[in-house]
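Computed from a predicted model, the values in this text were never measured in an experiment.
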Amino acid sequence: MLLPSTTSGRSARRLRGPAHVRFRAVTAALVLAFAVAVPGQEATDAIKRLVVADAEKALHDSDATVRGEAALLLAGTGDPTWHDEILAVAKEEEPAARDRGLVALGLLGAPGTDRVLGRVLDDSSSRVKPEGLAAALALGLMAPEAAPGEVARILTRFLQANYKRQRELIGAVLLAMAGRDQSPQRVALLQLFDDAANRDPLLRAQLVLVLGRVQGALDVPRLAAAIERGLPEERLAALTVLRDHPRDGEAPLLPTLTRLATTGGTPELRAMALAVLTRMRHLPALDMAARATRSAHAVEAAQGARSALLLGGAGMRGPLEQQILATATPALQAAMLGAFSGPLSTEFADTCLRLAANRKGGIALRVAAALTLAQGDDERCIPVLRDAFLDSDDPAQLEALAVALLRIEKTPPPLDRLHRGSRPEDLAGEPTRLIALLVAGHPQAQRVVLTGLQRPTTPPKERAALLRAWRLACQFALPRERARLLPESLRPLFP
């Protein structure tokens, strides 16, 4: 939402005279004072409006990355009146602005965007260019109903293509598409999936994940073929689809799933097959779960613990606690603790506290133990949660720790205890920690972003980091398992 103004729409944003500057400065000062003085949702809403206003100003920054990040943040508001300003950024020559502007166009998805992106993609048909990859990701981010014709044209253009040369373009489209039901592209996606020339394991896996959300696209026989004869990545993707999207008539898959859960070629395949059997409530999988908890592989041990609790209920909690306590390998202990849920016995809670406080045990074990203790809102976990938050650098761990801290503490913990610098504004130099605190809704972290954006002396690199942190935490971010597969030129957009 934009700040109220006596002039509405795009024309208001064109005002650049001294009176407008003074009006903005006075308005910003008043809203910031309000945000600092008033706690709760009203203050958060006020800060959001000011951050958007600062992003508008940043569209005209001298730094290309800042302009690009501003375009992405404004696109995340969903306000189509930003289209022209974002389009101007997407047409820039500097890649740091241009590529972010292109992705912002897709994220906003205003009418006509598909044709703009399609033209950029066509220019990458013979030689893949960074702007082509950005346009591919942007096209996939658009709502399926917003650009069915253009997306279908691009997808079918890849048929019988040189998949080795085009794999990054196709992959960028599919990675973006995977978050929604892509029913309008059912035919084009199936043509790509059935193309005999497509033997790229990652592309086939991504196609399975996208088609798995489309009603009727991957029936049980197709999934069975992918599980039994597909490439390893494709088999894992097909099992993931089965875990998350039940199918009618899936019972004939039980023998295959049972075999994979016990003798599958990789720990990941065995764990995912066990997860599917657990979702199907296949009771013999309880014995498989018990064996999996004794695995030497963390992913398998974790799934074993998860399945044991889901299938065995409260009766499995005590034996599982004892097994976790007896496990000597920190990585396996951490994995099983991460899968544990439900009430904790006194002995188990006390041990979790000791593990969380033991700096010699490794950060993964400390985090898992602290988060397990936090499940019961045990206030003894607050100091170890704080310490783990300061010591960890892993984004997923940091977000889980921040959420737990803000849930358990009666008031948001002071910011100076939650970063490694000496001043609150130093948090801007720790973007991963800042994002985690924003995800958890820490009000002081929100103010760090706002004051950093409004400070004239904030360096461009830090200004870009603040804009990025806000949009990743408060608006839109690709899931990490997909973001890590992005082409190298796009990874800075979704770190």
Undergrad: Is a donor on one side and an acceptor on the other found under 3.5 Å between the side chain of Gln375 and the backbone of Phe340?
TA: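 Indeed, once roles are kept as given, a pair shorter than 3.5 Å links the two residues.
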
Undergrad: What heavy-atom pair brings Ser392 and Arg420 nearest, and what distance separates the two atoms?
TA: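 Closest approach of Ser392 to Arg420: O-NH2, 3.7 Å.
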
Undergrad: Please examine the side chains of Ile227 and Leu239, heavy atoms only from C-beta on, and report whether any two atoms are closer than 4.5 Å.
TA: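 Contact flag for Leu239/Ile227 side chains = yes.
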
Undergrad: Do Gln182 and Arg213 make a side-chain contact, defined as non-hydrogen atoms from C-beta onward lying under 4.5 Å apart?
TA: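 Counting from C-beta outward, Gln182 and Arg213 never come under 4.5 Å.
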
Undergrad: Can you measure from CZ (Arg259) to CG (Leu269) and round to the nearest 0.5 angstrom?
TA: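 The CZ atom of Arg259 sits 10.5 Å away from the CG atom of Leu269.
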
Undergrad: Got a donor-acceptor contact below 3.5 angstrom from the Arg270 side chain to the Gly264 backbone?
TA: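 Yes: the side chain of Arg270 pairs with the backbone of Gly264.
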
Undergrad: Has the side chain of Glu250 got a donor or acceptor atom that lies under 3.5 Å from a matching backbone atom of Arg247?
TA: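 Yes; at least one donor-acceptor contact below 3.5 Å.
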
Undergrad: How close do Thr372 and Cys352 get, heavy atom to heavy atom, and via which atoms?
TA: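 Smallest heavy-atom distance, with atoms named: CG2-SG, 4.0 Å.
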
Undergrad: Work out which heavy atom in Gly101 is nearest to a heavy atom in Ala90; give both atom names and the distance.
TA: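 For Gly101 versus Ala90, the nearest heavy atoms are C-CB, 3.6 Å.
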
Undergrad: What are the two closest heavy atoms between Leu371 and Ala404, and how far apart are they?
TA: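 It is CD2-CB, 4.0 Å.
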
Undergrad: Could you please spell out the steps behind the side-chain contact (heavy atoms from CB on, under 4.5 Å) verdict for Val449 and Leu438?
TA: CA-CA 9 Å; Val449 174; Leu438 288 171; 3.9 Å; yes

Undergrad: Checking Arg433 against Asp393 for the salt bridge (Lys or Arg N to Asp or Glu O under 4.0 Å) test, could you report, in this order, the C-alpha distance in whole Å, the side-chain angles of both residues, the deciding distance, and whether it holds?
TA: CA-CA 8 Å; Arg433 224 172 302 283; Asp393 290 307; 3.2 Å; yes

Undergrad: Any side-chain donor-acceptor pair under 3.5 Å between Arg243 and Thr240?
TA: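 On atom types as modelled, these side chains do not qualify, holding no pair under 3.5 Å.
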
Undergrad: Answer yes or no: is there a donor N or O on one side and an acceptor on the other, between the side chain of His83 and the main chain of Leu108, under 3.5 Å?
TA: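 A pair under 3.5 Å: no.
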
Undergrad: Ignoring hydrogens, what is the shortest heavy-atom contact between Leu175 and Arg482? Give both atom names and the distance.
TA: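 Closest approach of Leu175 to Arg482: O-NH1, 2.6 Å.
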
Undergrad: Checking Lys48 against Cys474 for the side-chain contact (heavy atoms from CB on, under 4.5 Å) test, could you report, in this order, the C-alpha distance in whole Å, the side-chain angles of both residues, the deciding distance, and whether it holds?
TA: CA-CA 9 Å; Lys48 286 180 179 178; Cys474 306; 5.6 Å; no

Undergrad: What closest approach, in Å, do Leu260 and Ala273 show between heavy atoms, and which atom pair accounts for it?
TA: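 Shortest heavy-atom separation between Leu260 and Ala273 comes out as CB-CB, 3.7 Å.
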
Undergrad: May I ask you to decide whether Arg359 forms a salt bridge with Asp391, counting only side-chain N to carboxylate O separations under 4.0 Å?
TA: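 A salt bridge is present here (some side-chain N lies under 4.0 Å from a carboxylate O).
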
Undergrad: Just how far is it from atom CG of Leu286 to atom CZ of Arg291, taken to the nearest 0.5 Å?
TA: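 Going from CG on Leu286 over to CZ on Arg291, the span is 10.5 Å.
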
Undergrad: Please confirm whether the backbone N or O of Ala331 pairs with a side-chain atom of Thr329, one donor and one acceptor, at under 3.5 Å?
TA: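 The answer is no, because no donor-acceptor pair under 3.5 Å joins these two groups.
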
Undergrad: Strictly distance-based, threshold 3.5 Å: is any side-chain N or O of His282 a donor or acceptor partner for the main-chain N or O of Pro284?
TA: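 Side chain of His282 to backbone of Pro284: no pair is present.
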
Undergrad: Side chains of Met280 and Leu257, heavy atoms from C-beta outward: is any pair under 4.5 Å?
TA: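 Met280 reaches Leu257 side chain to side chain.
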
Undergrad: Hey, are the side chains of Pro95 and Pro130 touching, using non-hydrogen atoms and a 4.5 Å cut-off?
TA: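 Counting from C-beta outward, Pro95 and Pro130 never come under 4.5 Å.
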
Undergrad: Rounded to the nearest 0.5 Å, how far apart are CG of Leu373 and CZ of Phe348?
TA: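 The distance works out to 10.0 Å.
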
Undergrad: Tell me whether Asp426 contacts the main-chain N or O of Ser422 through its side chain, where contact means a donor paired with an acceptor under 3.5 Å.
TA: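 Such a contact is found between Asp426 side chain and Ser422 backbone.
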
Undergrad: Taking atom types as modelled, is there a side-chain donor on Ser345 or Glu321 under 3.5 Å from an acceptor on the other?
TA: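 Judged by distance alone, the side chains do pair up.
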
Undergrad: Salt bridge between Asp54 and Lys57, side-chain N to carboxylate O under 4.0 Å?
TA: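 Answer for the salt bridge query: no.
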
Undergrad: Should the heavy atoms of other residues, nucleotides or ligands under 6.0 Å from CG of Asp377 be counted, would the total exceed 12?
TA: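 It does: Asp377 CG has more than 12 such atoms within range.
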
Undergrad: Give, for atom CD of Gln475 and atom CG of Leu107, the distance between the pair rounded to the nearest 0.5 Å.
TA: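 Here the rounded value is 8.0 Å.
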
Undergrad: Can you confirm whether Glu425 sits close enough to Val448 that some side-chain heavy atom of one is under 4.5 Å from a side-chain heavy atom of the other?
TA: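 Result no, sub-4.5 Å side-chain heavy-atom pair not found.
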
Undergrad: Between His297 and Val299 (side chain of the first, backbone of the second, donor and acceptor by atom type, cut-off under 3.5 Å), is there such a pair?
TA: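 No, His297 side chain to Val299 backbone: no donor-acceptor pair under 3.5 Å.
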
Undergrad: I'd like to check Val173 versus Leu137 (side-chain heavy atoms, cut-off strictly below 4.5 Å). Are they in contact?
TA: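 Side-chain contact under 4.5 Å: no.
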
Undergrad: Would Glu233 and Arg204 pass as an ion pair if we require N to O under 4.0 Å?
TA: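 Salt bridge flag = no for Arg204 with Glu233.
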
Undergrad: Are Asp79 and Thr81 close enough that a side-chain donor and a side-chain acceptor fall under 3.5 Å?
TA: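 There is such a pair (donor and acceptor under 3.5 Å, judged by atom type) between the side chains of Asp79 and Thr81.
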
Undergrad: Answer whether the closest heavy-atom distance between the side chains of Phe389 and Arg417 falls below 4.5 Å.
TA: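 Not in contact.
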
Undergrad: For the atom pair OG1 (Thr113) and CE (Met142), what is the distance rounded to the nearest 0.5 Å?
TA: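 Going from OG1 on Thr113 over to CE on Met142, the span is 5.0 Å.
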
Undergrad: Taking NZ, NE, NH1 and NH2 as the nitrogens, is one of them in Arg386 or Glu409 under 4.0 Å from a carboxylate oxygen of the other?
TA: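 Yes.
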
Undergrad: Taking atom types as modelled, is there a side-chain donor on Gln303 or Arg306 under 3.5 Å from an acceptor on the other?
TA: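 Indeed, the side chains of Gln303 and Arg306 share at least one donor-acceptor pair under 3.5 Å.
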
Undergrad: Kindly write out the residues that satisfy side-chain hydrogen bond (donor to acceptor under 3.5 Å, both in side chains) with Arg480, not counting sequence neighbours, or none if the list is empty.
TA: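 Scan of Arg480 (side-chain hydrogen bond (donor to acceptor under 3.5 Å, both in side chains), adjacent residues dropped) gives Glu399.
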
Undergrad: Looking at side-chain heavy atoms only, is the closest gap between Met336 and Thr327 below 4.5 Å?
TA: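 In short, these two side chains touch, coming nearer than 4.5 Å.
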
Undergrad: Any donor and acceptor pair, going by atom type alone, linking the side chain of Ser307 with main-chain N or O of Ala289 inside 3.5 Å?
TA: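 Pair absent, no side-chain N/O of Ser307 close to backbone of Ala289.
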
Undergrad: Kindly indicate, with the supporting measurements, whether the criterion side-chain contact (heavy atoms from CB on, under 4.5 Å) is fulfilled by Arg67 and Leu59.
TA: CA-CA 5 Å; Arg67 296 195 299 276; Leu59 283 173; 5.7 Å; no

Undergrad: Determine, stepwise, if the pair Gln446 / Thr44 fulfils side-chain contact (heavy atoms from CB on, under 4.5 Å).
TA: CA-CA 8 Å; Gln446 296 169 353; Thr44 297; 3.5 Å; yes

Undergrad: About how many Å separate CH2 of Trp82 and CG of Leu105, when rounded to the nearest 0.5 Å?
TA: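 Reported to 0.5 Å precision, the distance equals 14.5 Å.
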
Undergrad: Tabulate below the donor-acceptor pairs under 3.5 Å that side-chain atoms of residues 484-495 make, not counting sequence neighbours, or state none.
TA:
residue : atom : partner : partner atom : Å
Arg491  : NE   : Leu486  : O            : 2.7
Arg491  : NH2  : Leu486  : O            : 3.1

Undergrad: Checking Arg407 side chain against Ala440 main chain: does a donor-acceptor pair fall under 3.5 Å?
TA: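 Answer holds: no.
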
